[in-house]
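This report concerns only the one structure given below.
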Amino acid sequence: MEALLNILSELHPDMDFETAQNLIDDQILDSFDIVTLVAEIDSEYDVAIPAEELIPENFNSAQAIWALIEKLMDE
Amino acid sequence: MKKYIALLLCLAMALSLAACSPSENGANETTAALPNDTTPSQTQPQQETTPAEKGFTFTAGGVEIAMKAEASPILAAMGEPKSYTEETSCAFTGLDKTYFFGSFYLNTYPQGDKDHVFAAWFADDTVTTAEGIYIGSTQAAVEAAYGTDGYNGSNAYIINKGESKLTIILTDGVVSSIVYDAVFE
Amino acid sequence: MKKKKTFKLLAALCLCVAVLYLLQMLLMPKYMDESRDGALIAEYYDNTGNNDVIFIGDCEVYENISPITLWEDYGITSYIRGSPQQMIWQSYYLMEETFRYETPKVVVFNVLSMKYHTPASAGSSDQREAYNRMTLDGMRWSSSKWNSILASMTETEKQWQSIFTYLFPILRYHSRWSELKQDDFTYLFQKEQIGHNGYLMQTGIKPVTAPHMEKPLVDYTFGENSYYYLDKMVALCEEYGVELVLMKAPSLYPVWWDQWDAQMESYAQEHGLKYINFLELVDEIGIDWNTDTYDTGLHLNVYGAEKLASYFGKILSEECGIPDRRGEEAISTLWEEKTQAYYDQKQALESAEQQQGE
Amino acid sequence: MQFTSFGFLAFAAALLLIYYLIPKKGQWMLLLGASCLFYLWAGTEYLVFILITVLTTYAATNIIGRRLQQQDAYIAKHKAELSREDRKTYKAKVKRGNRIWLIGCLVVNFSVLALCKGLLIQPFRAMAQDTGLDFLTLGLPLGISFYMFQSMGYVIDVYRGTVRPERNIFRLALFVSYFPQLIQGPISKFSLLAPQLCAPHSFDGKEVSFGLQRMLWGYFKKLVVADRIAVAVAALKGSEFTGFGFLLLSVFYAVQIYADFTGGIDITIGLSQALGIRLPENFIRPYFSKNIAEYWRRWHITLGEWMKDYIFYPISVSQPMLKLSKSARKRFGNFGKRLPVYVASVATWFVTGIWHGLTPNFILWGMLNCFFIVLSEECAPLYTKFHGKFHLKDKAWYGSFEILRMFMLMNLIRVVDLFPDVGEYWHRVGSLFTTWNISLLWDGSMMKLGLTGLDYAILGSALVLIFSVSLVQEKKGSLRALLQTKPDALRWALLFVLFVAVVLMGSYGIGYNASNFIYNQF
């Protein structure tokens, strides 16, 4: 979780990702950010996020992203 | 008057739509063409444009007579017609004029401020088509000159070329009429 | 509460429809000043009943025969149901419609339109469509009108699904609002009578100067569709017990080819009909091509039309047994009014003509 | 059948009436019947293409669906004895099989699409004409680009396991062929559209009224604006219009395409709403965008979403791309990190380009869009610096400037649609810098484009109206909802005036030409 927050704040230094709940709906993360994020997560956690998981619900908050990572690690 | 109506309608339309006249002709032709970008399903292929083929002609009084050609040089060369009539034009605004020069008839239509050849037909055997057919030619001669494609199966050959249509009518196996028409889309 | 709302809704709808209807009336051409021929078809409905002879056809009837002369000379009551370049199917459906209003003794059909067997064969599509309007828009609604529209539509019209524009002419004339003239307001509700029992008067004179020239045709046989409607006319007249007379008006052009004449001759013989080609009777009628045409032989002027009516009336009363109704008081009064209006217009036109000449 | 034909209106009116009169169970069948009729109207020979898509989609999705079901059943049954690794290998095996079906289906369908599109261009066009396939060269089967993408999106969703396959082939056929969106989209997602299509719908006066209002607005845009300005767009394509004339063309084209496309979508969405079916929005006032990324989030949204979900993401997060990302990062630093995104962007815009047409100008169009997107992304730090220094963003006019800048840029990119000859396009673009013929605005040239002064006045007024409405929508949301709060009489009056405006000022029908009515011969 710590590492994830680091990655996120690297993308948008001025955002408080711990509380933000509408990252996609408020257009804070665009598709370019998502892809970068996926690459970072892949190298950090060794988890490949498949394209079908790239839906707003999975990326609206840091918690949601973390839940996705855990789910994929679990599989 | 027009202005008043426009003004009235303008007022009536609280939505500040000005009242104006739609263009009469052009607009309708293009309504079918939706932009490619939005609607690929409507994409129309580019039309190949072939250069206009030269139509059928014949020569009289030293001038070559072609359909849709300007009439004045022909009329100048032919001199005084034996007979002349005019009538209000049907498909065009203005006068249709018909001239009779003894050997053939010439029919013109107005376009812009000039008359153009609309049709011509032979009256006797002193004029021949550019391909050498005249009133009195045999069916075999017609086929030698124009082939058999235009044969209607009974009494005539109808051949299109460029912006012209040539009609050769036979009676008892011999050419009895030769008619040139201008072809419009 | 709910009732009130429904009422309001209905009232609003009625208001909208009324406004649209008014707009439609305003936008439709009035044919009072220009293209007056377009007004003729609609005038019939004020003159129904008691017409012993009905003429049906194109301008060769409504420009060439004067019903007033028929009345004056023979006491024949007649009406002309004609419109510009009226196609044979339009003539058929007008005949059908006329029989809903009255059953005449004789119907006279002018056969020139046999030469057009489809809407496309009658020339440029735009122009054809305009003529369709002049014939069809004036008709009252009935199955005849509907069928006539379906038979008349040109390819362009079909493509535009123009049937809807006949149902709601505002869709046809919607863009005319920028061209409205005083006439459109003057005649919004009430139009003037343009014709004299369907006859459109012309007093000008433009003599025939040279024989009309027309190019020969490949095939002189009338089209199947033309015969189809002619057959229907014959059958319809039989059904109603009406005598059908075929005529060819003495107009010099479009050329009435001998081959066409022969076909009509034999058709008439076959069906036991009277066919009169007035072109062959020009001398007997007394038509003088120097004075009796207003457009070098395409149509007769009023002087020619009176001569033709005078000649034709004799045939109608003697051979077809059309009665002289000058003794019937009600009819007499009515026709005297018509006669008065006829001469008033004739005089007005003549003096206008004279002024122009000076 | 065009939306602007009388026949379509009659068709839609009849459908609406029957739709709410018949038992609700039959509504979806009625829609299917109507869609078939609509398609048949366009030409019977094209029916075979949509049938291919329905059948292959049905087969592929149901086979994949069953295999996924079997997989789940197997795993559930053997849960105890399977290790995590076993489960993974088993799933991967099933997925490999599924992939074959997926790819098979995609290949068949996209081949059909490619064939249909390919036959429109030379030299294939000539070949088709020689081999008796010439009916295919007349135009594309109705809506093929739209229903094809919508269906393939659904197949991929089934493959991904995000939706369950539809077992009833007729319901699937309705999803593929639903006629209001057949002509120009939007491209709907199965999970959103299909359940609505088959659900029963009771008559809801407000929904129907809102739907009809939206249709009316669509007709206004299409008939009064798009079809009127079309003549001028065609005229401005003429070779004599360089320099400012070209700029004018790009603006006119922007007006035409906006009015035409959004008007058509309004009709589609409005009719659907009247039928109780909500379709996704395809446009959110795109010309108010301030940058190109925003523009593409607001223009032709459903296509953009499709491209993102099925092309952009899959490519950019694929294993090879992730590897590329890692290695590029080592070598090029931050730019390397973004490399996969750019590769995916190029691919996405290439596909978007050829989706519009298989001619070079559409590919160029896609690449130009891609170029500017990448450019703005790469320059982002520069902008931040710039704005940090000058604080232009605080100025009131700056927002408008950004919008105008975006509008003109997109116009110049978009107008390449009109030039199949790419060289001609560049020539015109070049002339912008060399030819300063702004005088054509007043030297009479404008009157030679087929529009009269009155036409320009109508267009101008209509655009002011559309602009004002957009502004209200941008600031206050739905205008229809806003109007709903006003007195009935006012609302009715406004709608009626709009209706009359469409009837009187629309460019439709044969057109009244008084000279035709002048009696001249018979």
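Order of the sequence lines sets the chain letters (A, B, ...), proteins ahead of strands, with each chain counted from 1.
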- Residues from residues 285-295 of chain D approaching chain A under 4.5 Å (heavy atoms): none
- Message: Counting only non-hydrogen atoms closer than 4.5 Å, can you tell me which residues of residues 67-82 of chain D sit against chain A?
- Response: none
- Within a reach of under 6.0 Å around CG of A/Asp46, are more than 12 heavy atoms found that belong to other residues, nucleotides or ligands? no
- A/Glu18, CD: over 12 other non-hydrogen atoms inside 6.0 angstrom: no
- Item | Verdict with supporting geometry, A/Val38 and D/Tyr313, side chain to side chain contact (heavy atoms under 4.5 Å, CB included) | CA-CA 10 Å; A/Val38 171; D/Tyr313 279 157; over 6 Å; no
By a 4.5 Å heavy-atom criterion (distance strictly below it), what part of [X] contacts chain A: side chain, backbone, both, or neither?
| X | answer |
| --- | --- |
| D/Ile315 | neither |
| D/Ser316 | both |
| D/Tyr310 | neither |
| D/Tyr159 | neither |

- Quick note, ring pair (Phe, Tyr, Trp, His ring centres under 6.0 Å) partners involving residues 47-73 of chain A, not counting sequence neighbours, are A/Tyr45-A/Trp66
- Message: If I measure from the heavy atoms of chain D, does A/Ile55 come under 4.5 Å with its side chain, its backbone, both, or neither?
- Response: neither
Could you give the distance from [atom1] ([X]) to [atom2] ([Y]), rounded to the nearest 0.5 Å?
| X | Y | atom1 | atom2 | result |
| --- | --- | --- | --- | --- |
| D/Ile156 | A/Glu52 | CD1 | CD | 10.5 Å |
| A/Ser31 | D/Glu305 | OG | CD | 9.5 Å |
| D/Lys323 | A/Asp42 | NZ | CG | 10.0 Å |

- Query: Looking only at heavy atoms, what is the nearest atom pair of D/Ser325 and A/Ala39, with distance?
  - Reply: OG-CB, 3.9 Å
- Note on the structure: When every non-hydrogen atom of A/Phe32 is compared with those of D/Ser345, the smallest separation belongs to CZ-OG, 3.5 Å
- Please assess D/Val317 against A/Leu54 for the test side chain to side chain contact (heavy atoms under 4.5 Å, CB included), listing each intermediate value before the final yes or no. CA-CA 10 Å; D/Val317 304; A/Leu54 301 184; 3.8 Å; yes
- Query: Listed by chain and number, what are the side chain to side chain contact (heavy atoms under 4.5 Å, CB included) partners of D/Thr89, not counting sequence neighbours?
  - Reply: none
